[in-house]
Chemist: 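If you scroll down you'll find the structure; I have some questions about it.
Nothing fancy with the numbering, it's 1 onward along the sequence. The figures here come from the full heavy-atom set of this structure, side chains too, leaving out hydrogens, waters and symmetry mates.
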Amino acid sequence: MPNEEPMTQERREAFWRQHGWSPELPEDQRKKIEDYWSDTEIQEAEALGF
């Protein structure tokens with residue numbers, strides 16, 4: 001069942017943290033994770049149980 005919650009910055013950050021993201025990372029490393037895991041990618045991953 002897909003997550004029906006709206007995509008919020010808190011939800012994005014919670015997901016990104018599972019994949020190594022942290023506000024303390026250098027900007028280029030944070031950006032790489034943020035760009036890879038777009039809202040659509042996050043929703044698809046959550047639908048698949050990630």
Side-chain angles (χ1 to χ4, degrees):
M1 175 180 228
N3 190 335
E4 300 295 330
E5 296 177 39
M7 186 58 68
T8 63
Q9 188 64 23
E10 291 80 17
R11 181 175 163 196
R12 284 182 196 98
E13 290 182 10
F15 186 87
W16 293 337
R17 284 178 193 278
Q18 296 174 19
H19 300 279
W21 183 94
S22 168
E24 291 80 27
L25 283 175
E27 183 177 356
D28 62 325
Q29 292 178 13
R30 283 193 327 267
K31 188 78 171 140
K32 185 176 179 180
I33 294 168
E34 293 169 5
D35 289 345
Y36 185 83
W37 292 105
S38 66
D39 290 355
T40 302
E41 294 292 330
I42 292 171
Q43 291 168 331
E44 290 175 5
E46 288 176 341
L48 293 171
F50 290 93

Chemist: When rounded to the nearest 0.5 angstrom, what distance separates CE in Met7 from OG1 in Thr40?
Modeler: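 Going from the CE atom of Met7 to the OG1 atom of Thr40 covers 8.0 Å.
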Chemist: Verify the cluster assignment for Ile42 and Tyr36: are they in a single hydrophobic cluster under the rule of side-chain heavy atoms below 4.5 Å apart?
Modeler: yes
Chemist: Can you name the residues that form a salt bridge (charged side-chain N to carboxylate O under 4.0 Å, His left out) with Arg12, not counting sequence neighbours?
Modeler: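 Listed in chain order: Asp39.
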Chemist: Which heavy atom of Trp37 sits nearest to which heavy atom of Trp16, and what is that distance?
Modeler: O-NE1, 3.0 Å
Chemist: Tell me every residue that passes side-chain hydrogen bond (donor to acceptor under 3.5 Å, both in side chains) with Asp35, counting only those two or more places apart in sequence or in another chain.
Modeler: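 With sequence neighbours excluded, Asp35 shows a side-chain hydrogen bond (donor to acceptor under 3.5 Å, both in side chains) to Lys31, given in chain and number order.
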Chemist: Got a list of side-chain donor-acceptor pairs under 3.5 Å for residues 18-27, not counting sequence neighbours?
Modeler:
| unit_1 | atom_1 | unit_2 | atom_2 | d |
| --- | --- | --- | --- | --- |
| Trp21 | NE1 | Glu34 | OE2 | 2.8 |
| Ser22 | OG | Glu24 | N | 3.2 |
| Ser22 | OG | Glu24 | OE1 | 2.5 |

